[in-house]
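The structure under discussion appears below in the form of structure tokens.
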Amino acid sequence: MFSRPFFDDRADAGEKLAEAVADELGKLNLTAQEAIKPIVYALPRGGLPVAVPIARRLGCALDVVVAKKITRPDNLELAIGAATADGHVLWQKQNQQNLRLQQKSALQQAQNSAQSLLADLAPGRPNVSAAGSLAILVDDGIATGMTVAVAAQALQSQQPAALWICAPVAPPELMEFLTEMGDKSIILETPHPFYSVSRFYSQFPQVETAEALACLLRQIEWRS
């Protein structure tokens with residue numbers, strides 16, 4: 001058991017993660033000419049308040065990759081896959097025996113939800129591409145790894161120079177999986193037992209769409 005949470009809230013987690021990301025960038029010891037342009041990509045909505053301090057620290061663009069879990073129609077708590085707004089899909093291997101009709105319906109629902117959220121966040125998104133950049137994918141915590149995996153797949157399709165997976169907390173058993181998804185994974189805490197992301201925060205309210213959009217719009221503070 002843990003005597004107290006690791007983080008006060010998402011902003012606190014973001015500041016601590018920003019420090020770790022900056023340290024890793026510093027280890028690369030790149031000159032200005034050699035440096036790869038970083039872009040921070042958050043998994044909304046919860047990942048955006050965590051991503052803001054990182055993008056601010058790096059002085060770079062802040063964008064999103066919207067991914068939603070695909071759930072079984074007869075059990076909405078059970079994720080059988082994940083999908084992004086732009087059409088990338090990842091299925092849980094152990095659920096391949098599910099009826100194709102169920103999968104199709106659940107997939108469509110997840111993609112519709114992702115596309116709707118992406119449209120809501122569009123006014124705050126920068127006009128950037130991950131191609132040739134250091135893509136830094138951020139969430140407020142990783143539980144199963146499904147949504148971050150499909151988001152990583154979507155970013156890899158844009159051919160970034162490198163992809164880093166970053167989160168304040170994740171289960172230790174996922175670390176090898178996260179390493180395989182990108183070029184580097186930066187996870188501050190890997191507690192066991194895990195149970196849920198929320199137990200490692202003192203405050204973990206749901207992030208509403210308006211707050212998520214406000215996070216994106218804040219990048220005018222540090223980008224010229």
Side-chain angles (χ1 to χ4, degrees), residues 1-28 38 40-54 57 65 67-72 75 77-84 88-96 134-156 160 162-207:
M1 297 298 293
F2 303 96
S3 58
R4 65 182 183 84
F6 297 125
F7 313 106
D8 296 335
D9 54 21
R10 289 181 178 89
D12 174 50
E15 294 291 350
K16 291 172 178 172
L17 195 53
E19 189 71 28
V21 171
D23 284 348
E24 287 299 318
L25 279 172
K27 291 176 185 177
L28 297 179
V40 174
Y41 290 89
L43 276 159
R45 292 171 298 224
L48 272 164
V50 179
V52 165
I54 302 171
R57 176 71 179 262
V65 180
K68 293 289 185 180
K69 290 177 182 175
I70 304 168
T71 57
R72 281 184 52 162
N75 184 355
E77 296 301 314
L78 179 63
I80 58 174
T84 63
H88 290 269
V89 182
L90 194 64
W91 295 102
Q92 284 274 27
K93 290 180 182 178
Q94 64 265 35
N95 285 288
Q96 287 178 345
L134 167 57
I136 301 174
L137 181 60
V138 178
D139 204 358
D140 56 11
I142 300 170
T144 66
M146 288 299 296
T147 52
V148 75
V150 77
Q153 185 182 94
L155 283 175
Q156 293 283 28
L163 173 62
W164 291 7
I165 310 292
C166 304
V169 62
E173 59 268 24
L174 278 186
M175 292 307 296
E176 184 178 348
F177 175 58
L178 296 178
T179 301
E180 292 170 356
M181 287 192 294
D183 299 281
K184 182 184 290 290
S185 58
I186 301 175
I187 310 296
L188 301 183
E189 304 287 350
T190 56
H192 179 80
F194 192 84
Y195 299 128
S196 68
V197 171
S198 61
R199 72 192 294 250
F200 304 110
Y201 286 81
S202 295
Q203 300 178 57
F204 197 72
Q206 181 173 312
V207 176

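Computed over heavy atoms, backbone and side chain alike; hydrogens, waters and symmetry mates excluded. The chain is numbered in sequence order, starting from 1.
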**Study point:** Separation of Tyr201 OH from Asp9 CG (nearest 0.5 Å)
**Key:** 8.5 Å

**Study point:** Minimum side-chain heavy-atom gap Val138-Val21 below 4.5 Å
**Key:** no

Revision key, fill the gap. Heavy atoms of Pro49 and Gly46 approach each other most closely as CD-O, 3.3 Å

**Study point:** Nearest non-hydrogen partners of Ala11 and Pro53, listed with the distance
**Key:** O-CG, 4.0 Å

Revision key, fill the gap. Closest non-hydrogen atoms of Ala67 and Leu43, given as atom of the first, atom of the second and distance, are CB-CD2, 3.9 Å

**Study point:** Nearest non-hydrogen partners of Val50 and Ala13, listed with the distance
**Key:** CG1-C, 4.5 Å

Exercise for review: Output all residues satisfying side-chain contact (heavy atoms from CB on, under 4.5 Å) with Glu189, sequence neighbours left out; order by chain, then residue number.
Suggested key: Phe6, Phe7, Val169, Pro191

Review point. Which pairs pass salt bridge (charged side-chain N to carboxylate O under 4.0 Å, His left out) with one or both residues in residues 15-26, sequence neighbours excluded?
Key: Asp12-Lys16, Glu15-Arg56, Glu19-Arg57, Glu24-Lys27, Glu24-Lys184

Review point. With sequence neighbours excluded, what pairs up with Ser198 under the side-chain contact (heavy atoms from CB on, under 4.5 Å) test?
Key: Ser196, Phe204

**Study point:** Euclidean distance, Ile187 CD1 relative to Leu178 CG, rounded to 0.5 Å
**Key:** 5.0 Å

Review point. Atom CG of Leu137 and atom CD1 of Ile142: how far apart are they, to the nearest 0.5 Å?
Key: 7.5 Å

Check your understanding: With side chains defined as the heavy atoms from C-beta onward, is the minimum distance between Met181 and Leu163 less than 4.5 Å?
Key -> no

Exercise for review: Of all the heavy-atom pairs spanning Phe194 and Ala143, show the shortest one and how long it is.
Suggested key: CE2-CA, 4.0 Å

Review point. Does the pair Asp140 and Val207 meet the rule for a side chain to side chain contact (heavy atoms under 4.5 Å, CB included), with working shown?
Key: CA-CA 11 Å; Asp140 56 11; Val207 176; 5.8 Å; no

Exercise for review: For the pair Asp183 (side chain) and Trp164 (backbone), establish whether a donor and an acceptor sit closer than 3.5 Å, ignoring hydrogens and angles.
Suggested key: no

Revision key, fill the gap. Residues Leu188 and Ala20: closest non-hydrogen pair is CD2-CB, 3.7 Å

**Study point:** N/O donor-acceptor pair under 3.5 Å between Arg10 side chain and Leu48 backbone
**Key:** no

Check your understanding: Looking at CE of Met146 and CG of Leu90, how far apart are the two atoms once the value is rounded to the nearest 0.5 Å?
Key -> 4.5 Å

Review point. To the nearest 0.5 Å, what is the distance between CD1 (Ile80) and OG1 (Thr71)?
Key: 7.0 Å

Review point. Roughly how far, to the nearest 0.5 Å, is CD1 of Ile165 from OG1 of Thr179?
Key: 9.5 Å

